[in-house]
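We count residues from 1, following the sequence as given. Ligands are counted one by one from 1 in listed order, and the atoms in each one are counted from 1 as well. Keep in mind that this is a model prediction, so the values were computed, not measured.
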Amino acid sequence: MTSVRFIRMQDLDLAGQKLLIREDLNVPVENGRVTSDARIRAALPTIRMALDGGAAVMLMSHLGRPKEGEYDSAASLAPVAEHLSRLLGAPVRLERDWLDGVDVSPGEVVLCENVRFNKGEGKDDEALAKRMAALCDIFVMDAFGTAHRAQASTHGIARFARQACAGPLLAAELDALGRALHSPKAPLVAIVGGSKVSTKLAVLDTLLERVDQLIVGGGIANNFIAAAGYPMGRSLWEPDLLEATQALVAKAEQRGARIPLPVDVVVAREVSPQAEPATRPAAEVGEDEMILDVGPETSRLYAGLIAKAGTIVWNGPVGVFEVEQFAAGTRRLAEAVAASDAYSIAGGGDTLAALERFGLSDRISYISTGGGAFLEFLEGKTLPAVAALEARARG
Ligand code: 3PG
Ligand code: MG
């Protein structure tokens with residue numbers, strides 16, 4: 001929202017100050033190595049700005065969902081510290097025990113070990129938040145990807161730190177999403193894919209109040225195909241939500257928004273690299289077949305809508321893009337978004353993975369680091385960590 005009112009890190013004099021910056025460095029790690037560093041790279045400008053401003057920098061983040069109250073080497077931020085240090089070109093000291101105080105000088109970067117090792121983090125425990133707050137002069141909330149969680153390191157601490165502000169990444173995310181949602185250049189096209197309509201009912205419902213076109217994909221599209229009365233074969237869809245899906249269609253009609261249905265689909269009998277795909281009209285899926293992607297005619301239709309868009313918001317693939325036979329629909333969609341002159345925003349783990357796979361990430365106007373937070377923002381929900389900053393700014 002353009003009316004978000006909080007103090008920004010850029011507005012503060014950082015020289016000689018101890019900063020505790022909450023980032024979302026929750027990245028995939030395999031065999032002790034970071035396998036996708038988008039979130040780490042997104043945090044770099046904030047860290048550099050703090051260092052350039054003369055601050056002593058403490059970073060904190062969660063990684064995974066470890067059991068609270070104990071150390072677990074599998075969820076250690078060690079691989080992140082190493083990776084960050086390489087990107088930053090400077091040492092990043094990992095501090096395992098940090099709640100009682102951290103030795104850090106201006107120009108230095110210390111990464112505090114996984115916040116979720118601390119008992120009380122998830123429940124936003126006040127005593128824990130106070131201990132975190134006592135570590136710094138300024139708390140900087142920069143973790144957009146975790147802004148939908150009211151936890152000690154994202155929310156509680158903002159109430160008790162001497163000074164609490166929004167970091168540049170968090171502010172940029174809110175600006176970009178706010179612009180797309182609240183003052184979009186028309187037509188606004190939203191693309192919502194993914195496997196289950198149940199996880200995205202709320203976001204579909206809210207988006208329908210704003211969009212001109214709503215392109216649905218994956219298992220979500222299947223629900224709409226079923227709502228049109230077509231046979232589903234063995235496709236993934238949620239019969240319990242047939243009525244809810246019909247209600248969305250009615251809502252769209254009422255507003256004059258469109259939910260274009262796939263006209264052709266790619267089907268197979270199994271989801272595997274050995275699968276033998278076939279393309280069919282959406283109305284002619286066989287009894288033992290599953291819809292696993294949209295067909296070429298549908299891709300052309302979608303690309304036409306995307307070419308005319310003024311603003312595009314994208315979350316979720318339209319097919320099982322991880323398997324080559326079912327990747328074409330998502331690839332063509334990504335290419336259309338990349339080629340479009342529209343202001344485009346993409347968010348969510350699968351969407352970002354697809355864009356990375358097709359080498360198109362840098363042709364999207366804004367790549368969000370948020371998954372759940374991105375969806376909750378689109379749902380129109382208040383993000384608790386942002387609300388805490390706003391409350392502080394009101395005094
Ligand atoms: C995410 O990856 O969705 C965020 O880092 C939040 O993680 P969480 O869902 O474990 O709170
Ligand atoms: Mg999540």
Side-chain angles (χ1 to χ4, degrees), residues 21-30 34-44 46-47 59-70 72 74-81 83-84 111-125 128-129 132 140-158 166-167 169-170 172-174 176-177 192-196 198-200 202-203 314-317 345-356 361 367-379 381-388:
I21 307 177
R22 175 58 157 102
E23 291 291 354
D24 187 331
L25 305 176
N26 183 31
V27 294
V29 172
E30 273 167 42
V34 172
T35 54
S36 170
D37 66 354
R39 281 178 164 173
I40 304 178
R41 281 187 281 110
L44 279 178
T46 302
I47 299 168
L59 302 172
M60 58 178 174
S61 175
H62 70 288
L63 183 76
R65 293 177 179 172
K67 184 163 178 256
E68 279 186 11
E70 54 193 69
D72 170 6
S76 167
L77 283 169
V80 173
H83 197 95
L84 174 61
L111 176 61
C112 302
E113 186 55 283
N114 197 336
V115 290
R116 290 186 178 170
F117 291 163
N118 299 309
K119 209 161 187 91
E121 167 65 13
K123 289 223 161 79
D124 200 8
D125 179 68
L128 178 62
M132 290 175 177
V140 182
M141 175 57 191
D142 203 35
F144 175 72
T146 327
H148 59 318
R149 304 283 182 227
Q151 300 178 342
S153 68
T154 60
H155 176 265
I157 181 174
L169 173 63
L170 176 73
E173 293 265 12
L174 295 171
L177 269 72
V192 180
S195 50
K196 286 186 154 182
S198 51
T199 60
K200 301 216 175 146
V203 78
W314 181 14
N315 173 273
I345 296 192
D350 290 335
T351 312
L352 269 46
L355 283 166
E356 250 172 67
S361 303
I367 297 273
S368 176
T369 55
F374 181 79
L375 282 177
E376 290 200 16
F377 187 98
L378 295 183
E379 282 170 25
K381 284 195 188 152
T382 305
L383 303 176
V386 176

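Every atom of ligand 1 with a heavy atom of R149 under 4.0 Å away is listed here by number and element: 8 (P), 9 (O), 11 (O). Counting atoms of ligand 1 from 1 in the listed order, those under 4.0 Å from a heavy atom of N26 are 1 (C), 2 (O), 4 (C), 5 (O), 7 (O). Using a 4.0 Å cut-off to heavy atoms of G145, the atoms of ligand 1 that qualify are 4 (C), 6 (C). The ligand atoms of ligand 1 that sit less than 4.0 angstrom from a heavy atom of D24 are 4 (C), 5 (O).
Nearest to atom 3 (O) of ligand 1 by heavy atom, out of R39, R65, Q151, is R39.
Between the side chain of D350 and the backbone N or O of G316, no donor-acceptor pair lies under 3.5 Å.
Residues R22 and V115 form a side-chain contact, since some pair of their non-hydrogen atoms from C-beta on lies under 4.5 Å apart. The side-chain heavy atoms of V27 and H83, taken from C-beta on, include no pair separated by under 4.5 Å. Within the 4.5 Å cutoff, the side chain of L128 has no heavy atoms near those of the K119 side chain.
At least one N or O atom of R116 sits closer than 3.5 Å to an N or O atom of ligand 1.
For the residue pair S368/E173, the side-chain donor-acceptor check at 3.5 Å is satisfied.
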